[in-house]
Number of protein chains: 4
Amino acid sequence: MAESAAETGAAGGQPGGGAGACPAVPDRLLAAATRLFADRGFERTSVQDLVDAAGVTKGAMYHYFASKEDVLFAVFRRVIATQMRNLDACATAEGPVRERLRAAAVDVVESTVQNLDDMVIYFRSLHVLSLDRQDQVRAERRQYQDRFRALIEEGQSQRVFRTDVPADMVASQYFGAVNHLGMWYRPDGELGGAEIGGYYADLLLTGLRPA
Amino acid sequence: MAESAAETGAAGGQPGGGAGACPAVPDRLLAAATRLFADRGFERTSVQDLVDAAGVTKGAMYHYFASKEDVLFAVFRRVIATQMRNLDACATAEGPVRERLRAAAVDVVESTVQNLDDMVIYFRSLHVLSLDRQDQVRAERRQYQDRFRALIEEGQSQRVFRTDVPADMVASQYFGAVNHLGMWYRPDGELGGAEIGGYYADLLLTGLRPA
Amino acid sequence: MAESAAETGAAGGQPGGGAGACPAVPDRLLAAATRLFADRGFERTSVQDLVDAAGVTKGAMYHYFASKEDVLFAVFRRVIATQMRNLDACATAEGPVRERLRAAAVDVVESTVQNLDDMVIYFRSLHVLSLDRQDQVRAERRQYQDRFRALIEEGQSQRVFRTDVPADMVASQYFGAVNHLGMWYRPDGELGGAEIGGYYADLLLTGLRPA
Amino acid sequence: MAESAAETGAAGGQPGGGAGACPAVPDRLLAAATRLFADRGFERTSVQDLVDAAGVTKGAMYHYFASKEDVLFAVFRRVIATQMRNLDACATAEGPVRERLRAAAVDVVESTVQNLDDMVIYFRSLHVLSLDRQDQVRAERRQYQDRFRALIEEGQSQRVFRTDVPADMVASQYFGAVNHLGMWYRPDGELGGAEIGGYYADLLLTGLRPA
DNA sequence: AATGAATGAGCCTTCATTCAT
DNA sequence: CATGAATGAAGGCTCATTCAT
């Protein structure tokens, strides 16, 4: 029963009936949770902080989520869904593999800096989830990375990319760098996501040049 | 008063005067803290867990450390000192800049996987420290990264490395990837630190090749 | 307003007008409450547990009962009504007082083990009711015990039973033992209600033999 | 760690050192718990009620007891220890079995009414304990009842008591009645424990007379 | 230098009940 | 009649820290 509404996501109707004047309770909780968990971390955010920020009551929260950890898990699910949607767009593009990889490499940086809170939570609070859920999240994340790796392998089989470094290594290195943006990137810094993405992609593609 | 002994580091004498049979209290606490904070995270480790694992009492801990956060800070300081020591060795080596950068790039991966707990703590629990201390730690970490970047700049000024990508970007990308090893590297996996370091360094150096 | 339907007891018509296919809401609640309160106790049974077990909704429950305590009180009333009906049958029987007392003594054991849940609730959750209702329940229970005591007094006045022990003491002792069956009797045990009733009645009647 | 002091029982020293001016924390908690659990029941007594009544803080309570249930269990253990001590005295007495059984029967009533709170808790809150602990308590209680039953069997083998009713039944009936004193006995009532014990013992012994 | 009993604020969660629909 | 989302007041429990010894 709890979390049922969260399962349906933002599609749930607005109880109270108005013309959608105020977002549904689960959505407001997810938004507040994303902000607070990224700011202070999961454990330093109390349920009271959370519901206050979301403008709901504790009871309402527990009507939709079975526990505080469940809220975190819902954030994770939303992040993954977003990532998948982003990458799907790239993967189905046309053109030579170099172009497609470059586009994906830039895009992954841009979407990361656009959802920096998500990333911060992702890499700081994954360990809070139960092992089951950790596995689940990791598996989905791996899929994401695998699509990237597939592009590299495609280029390798065409001899466009070097083959003396496993595609796995390339992908893990690139994603490591991207994931770590959350540790230092600031929206008000000198460089924007597009520029950083451009530099990162340059290094990646040059690094892949065959000997 | 508290923490004074910790400041002196492991050099402190053995209280109780024995023949050094058992390590000093602060050392045992630091070792236990490193293990537990990496395993469960800072907030999910209680002071009781900590002192139990270290085989000391709560009172003893508070004699040496002002707070639980202070223990974490001491772990951070030890990590940084270790990193600095490692890099010093590389930086003072002889030979062409390509060789020195490669050696440093491999070494940074190897020492990271050898001290994986440290890295996990580093990137998961930095936000627990007070802002002052966060800045302090970040500054020291920046120094570490800056020495790496200096190597790159050295190569750039010699036109051995490409100059169309800022050295900063190269260093941040590489360190991002290295720092992220803590999220997926497992000591019992297929590849060891030396191999991963080799691949990563290859990609780095190829990526730096001038156009 | 609430509870009005409960007042009318099981005699209420089936709302929704079906052909009596499913029992009325109050009846299903009472049955579920009897089971759950006996199993886990009143306080460890949530209203949600209760309505789930009864297959009704919370709103429906609060339509018929003013509060959770009211459901408990309704269980008590049903128990008492049942007991009264049982004893009435015995009391109006014919025959010598020894036979009538024996029959009542056996019957009280048998009906107790047949409604063990009722007894468990009775002696474990009486204190949950308001003092008013406790008194009310105790008074009715006392009537029940008084009819038993009246049989004993009848025998005493006929000198069939000893007179050196007050009938009150005899009744309280016997009912204490009977009430306590709920603490240890198990339907799948060696002895059935009839056998235990037989032994208990034997001891009772022998104990009442005049010196 | 928690409960360790409770294990040692009242023998624990008085921290704070005075001349025993104020009882130790566990003792005060046990005394308050016995009173409150008997008055209102376990679940209607909050931990705050408990510590307030005992004049200690919540933290202190959780230093000695792992949970509220643990306090209840400690009460149970104390009750059982008391009962055992009482019965030991009787069992080792001299004289004909009739006399020894009568003495035990009276004593069991007297000690019950003297520790009425204990009994009320015993038969109202046993179900709160974990199944393990319920079994443990029941087993010890059974021992208590078994010693009583052994007296009856002794008389049966000497043909002093009837043999057509199992000693088990006799003991369960008697103890049921005794245990139920908690439901109706009031210290300010007409009859004292000695008188009730006398009547109950009379009925018991007469009931055991051979046919 | 070391102990561990005691503190007390704050945590996550439960739940009987209400009310707009 | 019936629904179930929302309320809000406790509830039991944890834990970093202190302090008399």
Side-chain angles (χ1 to χ4, degrees), chain A residues 1-2 4-5 12-17 24-26 43-51 56-71, chain B residues 2 5 14-17 24-25 43-51 56-71, chain C residues 2 5 15-17 25 43-51 56-71, chain D residues 1-2 4-5 12-17 24-26 43-51 56-71:
Chain A
M1 165 174 315
S4 58
Q14 262 78 5
V25 168
E43 355 246 354
R44 300 181 107 73
T45 304
S46 74
V47 169
Q48 194 61 59
D49 292 339
L50 184 54
V51 297
V56 305
T57 63
K58 250 190 268 205
M61 184 194 112
Y62 279 97
H63 185 72
Y64 289 103
F65 298 94
S67 66
K68 187 181 158 192
E69 198 219 281
D70 259 37
V71 177
Chain B
Q14 260 77 7
V25 167
E43 355 249 352
R44 300 179 110 73
T45 304
S46 73
V47 170
Q48 192 63 57
D49 291 339
L50 187 52
V51 297
V56 305
T57 63
K58 252 192 272 206
M61 186 196 107
Y62 277 98
H63 183 75
Y64 290 105
F65 298 94
S67 67
K68 188 182 158 193
E69 197 218 281
D70 260 37
V71 178
Chain C
V25 167
E43 356 248 352
R44 299 179 111 72
T45 304
S46 73
V47 170
Q48 192 64 55
D49 291 339
L50 186 52
V51 297
V56 304
T57 63
K58 252 192 269 206
M61 186 196 108
Y62 278 98
H63 183 76
Y64 289 104
F65 298 94
S67 67
K68 189 181 156 192
E69 199 219 281
D70 258 37
V71 177
Chain D
M1 167 173 316
S4 58
Q14 262 80 5
V25 167
E43 354 246 354
R44 298 181 108 72
T45 305
S46 74
V47 170
Q48 194 62 56
D49 292 340
L50 184 52
V51 297
V56 304
T57 63
K58 245 190 269 204
M61 183 195 114
Y62 279 98
H63 186 73
Y64 290 103
F65 298 93
S67 66
K68 188 182 158 193
E69 197 217 281
D70 259 37
V71 177

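Chain A is the first sequence line, chain B the second, and so forth, proteins listed ahead of strands; every chain is numbered from 1. The basis for the numbers below is simple: all heavy atoms, side chains too, and nothing from hydrogens, waters or symmetry mates.
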Problem set entry | Chi angles and distances behind the side-chain contact (heavy atoms from CB on, under 4.5 Å) call for C:Tyr64, C:Val71 | CA-CA 9 Å; C:Tyr64 289 104; C:Val71 177; over 6 Å; no
Exercise. Atom CG of A:Asp70 and atom C1' of E:dT13: how far apart are they, to the nearest Å?
Worked result: 13 Å
Problem set entry | No-H, no-angle donor-acceptor pair, B:Lys58 side chain to F:dT17 base, under 3.5 Å | yes
Exercise. Whole Å only: how far is the CD atom of B:Glu43 from the C1' atom of F:dT14?
Worked result: 14 Å
Problem set entry | Length of the line joining D:Tyr64:OH and F:dT14:P, which is rounded to integer Å | 17 Å
Problem set entry | Identified stems (criterion: three or more consecutive Watson-Crick or G-U pairs, under 3.5 Å), DNA chain F | E:2-21 with F:2-21
Exercise. How long is the line joining CG of D:Asp49 and C1' of F:dA10, in whole Å?
Worked result: 11 Å
For this session: Take the protein atom CD of A:Gln48 and the nucleotide atom C1' of E:dC12, then report the distance between them rounded to whole Å.
Result: 11 Å
Exercise. Can you check whether A:Ser67's main-chain N or O pairs, donor with acceptor, with A:Asp70's side chain at less than 3.5 Å?
Worked result: no
For this session: May I ask you to evaluate whether C:Tyr62 reaches the phosphate of F:dG4, defined as a side-chain N or O under 4.0 Å from OP1 or OP2?
Result: no
For this session: Counting heavy atoms from C-beta on, name the nucleotide in F:dT17, E:dT7, E:dA16 closest to the side chain of D:Ala60.
Result: E:dT7
Exercise. Given E:dT17, F:dA16, F:dC13, which nucleotide is nearest the side-chain atoms of B:Val47?
Worked result: F:dA16
Exercise. Can you check the D:Met61 CE to E:dA6 C1' distance for me, whole Å?
Worked result: 14 Å
Exercise. Atom CZ of C:Arg44 and atom P of F:dG12: how far apart are they, to the nearest Å?
Worked result: 10 Å
Problem set entry | Side-chain donor/acceptor of C:Lys68 to backbone N/O of C:Leu50, under 3.5 Å | no
Exercise. Is any side-chain nitrogen or oxygen of A:Thr57 closer than 4.0 Å to OP1 or OP2 of F:dT7?
Worked result: yes
For this session: Round to the nearest Å and state the distance from B:His63 atom NE2 to F:dT21 atom C1'.
Result: 16 Å
For this session: Quick one: closest heavy-atom pair of C:Val47 and C:Met61, and the distance?
Result: CG1-SD, 3.8 Å
Exercise. For DNA chain F, whose closest nucleotide is more 5', that of B:Ser46 or that of B:Gly59?
Worked result: B:Ser46
Seminar exercise, completed: In short, D:Val51 meets D:Thr57 closest at the heavy-atom pair CG1-O, 3.9 Å
Exercise. Closer to the 5' end of DNA chain E via nearest nucleotide, is it C:Thr45 or A:Ser67?
Worked result: A:Ser67
